[in-house]
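By convention here, the first residue in the shown sequence is residue 1. Being a predicted model, the structure only gives us computed values, none of them experimental.
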Amino acid sequence: PGQPIYLAANTMLTTMLSPRQKGQSGGAHIGSLLTRKPDEVPIVLAVREVVSTHLAVLASTGSGKSYLAGVLLEELLMPHNRAALLVIDPHGEYGTLREIHQHPAFQDGGYRPEVRIYSPDKIKVRLSSLTESDIVYLLPEMTEKMRTYLSQAYRALINTRGRGERGLWGFQDLLDEVIAQKYGDEEGRGSGNVSSIDGLEWRLRRRFEQSRIFSDHENLDLKDLFRPGQCAVLQLSDIDATEQQVIVGALLRRANKARMATVRGNAREGEEAFLPYPIFVLLEESHRYAPAGAKVVSTDILKQILAEGRKFGIGIGLITQRPGKLDQDVLSQCMTQFIMRIVNPIDQQTIASSVEGAGRRLLDELPALTKGQVIVSGVAIN
């Protein structure tokens with residue numbers, strides 16, 4: 001008692017709050033401390049921690065979450081970071097990022113950041129990169145018999161052609177394996193399955209025969225998607241929600257396998273599965289790809305990367321306006337959180353149960369935040 005109390009100096013707060021300083025390699029400057037004048041105490045995140053332990057941006061509509069994500073992406077593309085980025089963009093909101101290519105703030109010597117926009121007509125998924133579960137998920141209302149025949153046809157293809165990046169088979173090959181089961185064996189066993197096979201054939205033709213997305217040969221090349229100093233934006237607007245989930249699941253699975261193979265020395269330069277640098281994937285409207293209480297094909301690979309991605313250099317950023325609709329296991333794996341204005345009590349309760357350190361006093365603040373104000377917590381900030 002009786003000791004004098006002093007207001008902390010701006011320089012002290014800047015040093016203590018931010019693990020990196022503005023403009024420093026490995027730092028992402030996202031804004032200023034609200035209790036001081038603008039720019040007096042810059043807040044700078046540790047990029048390595050953001051990417052390696054994952055990130056969640058939780059906010060109601062109109063609070064500025066997409067703008068905040070844009071600021072973070074710009075910082076990751078700065079000359080002192082040069083990250084390899086991918087944005088899953090269901091609404092086509094990130095097209096303006098391409099303007100940074102000519103902006104002098106991002107240039108350093110011969111370096112200029114690249115932004116590649118993939119419109120829906122440029123997004124291709126090779127059929128042989130899909131798993132059996134992906135194909136089942138894409139086909140509506142199948143009977144158990146149909147699933148059995150599809151499984152047998154898929155396994156026969158994998159046994160003869162191979163799986164994943166090495167498997168070279170297309171729609172007609174899968175269809176041939178399905179139809180071959182219609183007539184049974186030499187003794188006529190199994191020939192009573194005509195109606196089930198016909199139903200399966202109709203579903204396969206309806207989904208894949210004229211598909212703009214799924215192709216026998218074309219695939220999004222990982223080496224084109226992920227490059228240091230480049231942000232690739234997949235615009236998934238006008239694509240069916242089910243197909244969006246399969247696209248995201250297949251792409252994350254390929255990227256994860258490539259990073260694992262490269263880190264373990266099982267992939268060599270020039271191979272399709274060679275990805276020699278860490279990557280960061282930002283998913284806008286992430287509750288579409290890992291919804292609470294529903295089983296979709298993209299959830300499992302998201303959980304796997306969130307649990308194991310640190311070892312292999314894959315970072316995930318989740319953005320959602322409805323935390324209550326996002327799988328809580330997925331949300332709880334994000335070790336840095338950006339929490340903006342949230343009014344819905346269910347969403348507040350989800351944050352309380354899934355975000356470490358989100359106490360009652362913090363939740364009481366959320367409805368009072370205004371546009372552009374954010375509470376940052378987790379491992380990327382002191």
Tell me whether [X] at atom [atom1] has more than 12 heavy atoms from other residues, nucleotides or ligands lying less than 6.0 Å away.
X      : atom1 : value
His101 : NE2   : yes
Arg341 : CZ    : no
Arg206 : CZ    : no
Arg36  : CZ    : yes
Gln102 : CD    : yes
Tyr111 : OH    : yes
Lys325 : NZ    : no

Restricting to non-hydrogen atoms, name the atom on [X] and the atom on [Y] that form the minimum distance, rounded to 0.1 Å.
X      : Y      : answer
Cys334 : Leu55  : SG-O, 3.6 Å
Leu222 : Ala258 : CD1-CB, 3.7 Å
Leu77  : Cys231 : CD1-CB, 3.8 Å
Ala156 : Glu177 : CB-OE1, 3.6 Å
Gly70  : Leu97  : O-CD2, 4.4 Å
Gln21  : Thr14  : OE1-CG2, 3.3 Å

Is there a donor-acceptor pair closer than 3.5 Å between any side-chain N or O of [X] and the backbone N or O of [Y]?
X      : Y      : result
His54  : Leu306 : yes
Ser32  : Asp39  : yes
Asp89  : Glu284 : no
Thr53  : Val50  : no
Asn81  : Ala83  : no
Asp216 : Leu127 : no
Lys22  : Ala28  : no
Gln244 : Ile239 : yes
Gln230 : Asp224 : yes
Asn256 : Leu252 : no

Taking C-beta and beyond as the side chain, do [X] and [Y] meet within less than 4.5 Å on heavy atoms?
X      : Y      : result
Leu45  : Glu75  : no
Glu243 : Phe214 : yes
Leu150 : Leu139 : yes
Tyr137 : Ser298 : no
Asp134 : Arg253 : yes
Leu225 : Tyr118 : yes
Val115 : Tyr94  : no
Leu251 : Leu86  : yes

To the closest 0.5 Å, what do you measure between [atom1] ([X]) and [atom2] ([Y])?
X      : Y      : atom1 : atom2 : result
Ile342 : Ser60  : CD1   : OG    : 5.5 Å
Asn382 : Arg20  : CG    : CZ    : 10.0 Å
Asp240 : Gln245 : CG    : CD    : 8.5 Å
Thr320 : Arg288 : OG1   : CZ    : 10.0 Å
Asp329 : Thr299 : CG    : OG1   : 10.5 Å
Glu40  : Leu33  : CD    : CG    : 9.5 Å

Original post:
How far apart are the C-alpha atoms of Leu138 and Phe208, what are their side-chain angles, what is the distance that settles it, and do they pass the side chain to side chain contact (heavy atoms under 4.5 Å, CB included) test?
Top reply: CA-CA 9 Å; Leu138 286 165; Phe208 296 114; 3.8 Å; yes
Kindly work out whether a path of hydrophobic side-chain contacts (I/L/V/M/F/W/Y, heavy atoms less than 4.5 Å apart) joins [X] to [Y].
X      : Y      : result
Leu302 : Val87  : no
Ile88  : Leu73  : no
Phe106 : Phe280 : yes
Val374 : Leu326 : no
Val376 : Leu58  : no

**OP:** Show your reasoning for whether side chain to side chain contact (heavy atoms under 4.5 Å, CB included) applies to Leu366 and Asp347.
**Re:** CA-CA 11 Å; Leu366 296 183; Asp347 293 332; over 6 Å; no
Original post:
Hydrophobic cluster mates of Val44, side-chain heavy atoms under 4.5 angstrom, ILVMFWY only, any path?
Top reply: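 When side chains under 4.5 Å apart are linked, Val44 ends up in no cluster with other residues.
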**OP:** Quick one: name the residues clustered hydrophobically with Val263, using the 4.5 Å side-chain heavy-atom rule over I, L, V, M, F, W, Y, and just say none if it's on its own.
**Re:**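 Its cluster partners, ordered by chain and number, are Met260, Phe312.
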**OP:** Could you check Glu49 against Arg310 for side chain to side chain contact (heavy atoms under 4.5 Å, CB included), going step by step and ending with a plain yes or no?
**Re:** CA-CA 9 Å; Glu49 299 302 329; Arg310 182 169 194 160; 3.8 Å; yes
**OP:** Scan side-chain atoms only and decide if His91 and Glu285 contain a donor-acceptor pair under the 3.5 Å cut-off.
**Re:** yes
**OP:** Could you tell me whether the side chains of Asp176 and Gln172 share a donor-acceptor contact shorter than 3.5 Å?
**Re:** yes
**OP:** Could you check whether the rings of Tyr154 and Trp169 sit parallel, tilted or perpendicular, using 30° and 60° as the cut-offs?
**Re:**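 Judged by the thresholds at 30° and 60°, the geometry between Tyr154 and Trp169 is perpendicular.
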**OP:** Check step by step if side chain to side chain contact (heavy atoms under 4.5 Å, CB included) holds for Arg205 and Leu175.
**Re:** CA-CA 8 Å; Arg205 288 187 185 278; Leu175 199 61; 3.3 Å; yes
**OP:** Taking only Lys NZ, Arg NE, NH1 and NH2, and the carboxylate oxygens of Asp or Glu, determine whether Lys223 and Glu271 approach each other closer than 4.0 Å.
**Re:**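 Salt bridge: no.
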**OP:** Applying salt bridge (charged side-chain N to carboxylate O under 4.0 Å, His left out), run through Arg82 and Asp108 and close with a yes or a no.
**Re:** CA-CA 11 Å; Arg82 307 190 187 197; Asp108 180 29; 3.6 Å; yes
Subject >> side chain to side chain donor-acceptor pair (under 3.5 Å) assessment of Arg155 paired with Ser151 >> reply: CA-CA 6 Å; Arg155 286 202 299 269; Ser151 180; 2.6 Å; yes
Original post:
Do Thr370 and Gln373 pass the side chain to side chain donor-acceptor pair (under 3.5 Å) test, and can you show the C-alpha distance, the side-chain angles, and the key distance before you say yes or no?
Top reply: CA-CA 6 Å; Thr370 60; Gln373 296 183 341; 3.3 Å; yes
